[in-house]
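Here is the structure we will look at, set down as structure tokens.
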Protein chains: 2
Amino acid sequence: MSRHMFADRLERSTAPTLEAPIKCANCPIAERAVCAYCEPPELVELDQIKSYKSFEPGQEIVGAGEESVMVGSVVEGVVKLTKTLVDGRRQMVGLLFPSDFIGRAMRPTVEYDAVAATKVVLCAFPKSPFERLLKRTPHLEQRLLEMTLDELDAAREWLLLLGRKTAKEKVASFLCILAARTGEFEGADAGRKHFQIPISREDMADYLGLTIETVSRQITALRKDGVIEIDGPRRIVVSDLAELMETAGDDAEGGIIP
Amino acid sequence: MSRHMFADRLERSTAPTLEAPIKCANCPIAERAVCAYCEPPELVELDQIKSYKSFEPGQEIVGAGEESVMVGSVVEGVVKLTKTLVDGRRQMVGLLFPSDFIGRAMRPTVEYDAVAATKVVLCAFPKSPFERLLKRTPHLEQRLLEMTLDELDAAREWLLLLGRKTAKEKVASFLCILAARTGEFEGADAGRKHFQIPISREDMADYLGLTIETVSRQITALRKDGVIEIDGPRRIVVSDLAELMETAGDDAEGGIIP
DNA sequence: ACCGGTCCTTGACACACGTCAATGTCCAGA
DNA sequence: TCTGGACATTGACGTGTGTCAAGGACCGGT
């Protein structure tokens, strides 16, 4: 995934005239707010205050307790949000993929650490003008509300996972979520699906409330069960998606893959 | 807490004229939307579609998978939101107190069971007219966004609790949260604080991702440590709030009690 | 007062997962 | 090619919490 690939995708497909909406790769905020036919002034303003920011793997984007000054969208890469107890125990509380909203609109401070899990490109807006724009642009506010509701739904599914699932179910659930979120960009044929795990075992452990050793053992167990195949620590082939979902413990019709 | 107490609190303090805002006890939706000075038409409409609904302890308010037809506010009592795995393991994913929003605006179905944990009174609005109103009333939508953001913050703190805290820390954290949410209505003097636990041990276990036996044991342990005193299973006296928060594992300055 | 049910507490034991430690794999840099 | 470090896997063992079971406390109905 080279830098010049990013550059390509970030090119606007059209100029920001009032006649045509702006295309902003993987940034639904800019893309949707920018509707030339209903609110021309906002469109240009939002486009003008946006900027792209890049981060290396492991680099901190913003830390817990800091003042919230930017909001935006993930354009490329994966961002992890984590909370840490005084003695160092860490729990992931958010995992953001391209097109996800990042930042805390309408809140003064950040309550978690946001760290790049891979190379990351953000489409960022300064918080104050974005909020002013938000108040004047109902359909933008509505869009933000919908994204927040999505995150809340995901968080509630996550609570169930952390509180009541076994280690094996946790790992299987995580792979299901990954298959749903990243698999769309990769191969899939008749129940088989292959994709990259974009984060380390340590990050998986922080996501699932486990240790890296347990994560590793459960992945091995799933391989021995014939549910997945492994090609290097980061490359997964799901042999039978239905069986993986069975192992994850959710209802078969449960909406993991919408 | 008698029925006639509810009736008292539900009385409108003023008539719903355009000159004076409506008071709706513990329903910030109706109370805030109803601002006679900025949006008179919405105010009257919101007041006209609202209705009060009562539920007995254990009664289901709405079930997972059902169509979402009502939204509203908790006026009296405590509502639990739970998710259940196919084999019956249950996890609480929300615990609503008076003034909390309940229901799923902008979503077609409900993804969890909502059950009255105590006697409950809701201030309810039919979903469709409420949503239409929402789109025409930016400050109402903004209010809903803020409440959703609050819930998301609480959910993230909850993820940390479920994923990384010990049983003792979980129970202590829960008591801290209760002290913050219900203690305001009860006694408090110089570090000491007493309040009722409004839910059963089973509900606590579902909240904390534990079994009732472990919850019971940890409460006993906290009592033996001298952190709390017990007067019947539902009545708690926090001897030293600072020490309880210490036991909960959060940073001392961490914002459990805002 | 007595009974039955529900809720809570306490104890003995089991096991899933954490902890500690060793080994393997891969890759960048010398 | 060798080496050091980061990351992942595997094994042996310990422990926190679940499971199973018994008993206590309370409450409403008869």
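Labels below follow one simple rule: chain letters A, B, ... track the order of the sequence lines, proteins then strands, and each chain is numbered from 1. No experiment lies behind these values; they were computed from the predicted model shown.
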Please list every donor-acceptor pair under 3.5 Å in which a side-chain atom of residues 213-225 of chain B meets a protein atom from a residue at least two apart or in another chain.
from: B/T214; atom 1: OG1; to: B/T211; atom 2: OG1; distance (Å): 3.1
from: B/T220; atom 1: OG1; to: B/S216; atom 2: O; distance (Å): 3.0
from: B/D225; atom 1: OD2; to: B/K168; atom 2: NZ; distance (Å): 2.7

Distance, rounded to the nearest Å, where [X] contributes [atom1] and [N] contributes [atom2]:
| X | N | atom1 | atom2 | answer |
| --- | --- | --- | --- | --- |
| A/Q91 | C/dG18 | CD | C1' | 15 Å |
| B/D231 | D/dA25 | CG | C1' | 14 Å |
| A/L208 | C/dA16 | CG | P | 18 Å |
| A/D203 | D/dC7 | CG | C1' | 12 Å |
| A/M204 | D/dT9 | CE | C1' | 14 Å |
| A/Q218 | D/dT9 | CD | P | 12 Å |
| B/R89 | D/dG18 | CZ | C1' | 12 Å |

Which part of the nucleic acid does A/G209 contact within heavy-atom distance under 4.0 Å: base, sugar-phosphate only, or nothing?
-> sugar-phosphate

Please name the residue in the list B/V115, B/V110, B/V79 that meets the side-chain contact (heavy atoms from CB on, under 4.5 Å) test with B/I61.
-> B/V79

Are side-chain heavy atoms of B/L178 and B/P198 found at a separation under 4.5 Å?
-> yes

Side-chain contact test, heavy atoms from C-beta onward, threshold under 4.5 Å: evaluate it for A/E111 versus A/R104 and give yes or no.
-> yes

Heavy-atom contacts, protein to nucleotides 5-10 of chain C, under 4.0 Å, summarised as B (base), S (sugar-phosphate only) or - (none) per nt, yield ---SBB

Taking every non-hydrogen atom, the tightest pair across A/I199 and A/A117 = CG2-CB, 3.8 Å

Interatomic distance, CG@A/D250 vs NZ@A/K165, rounded to 0.5 Å, equals 3.5 Å

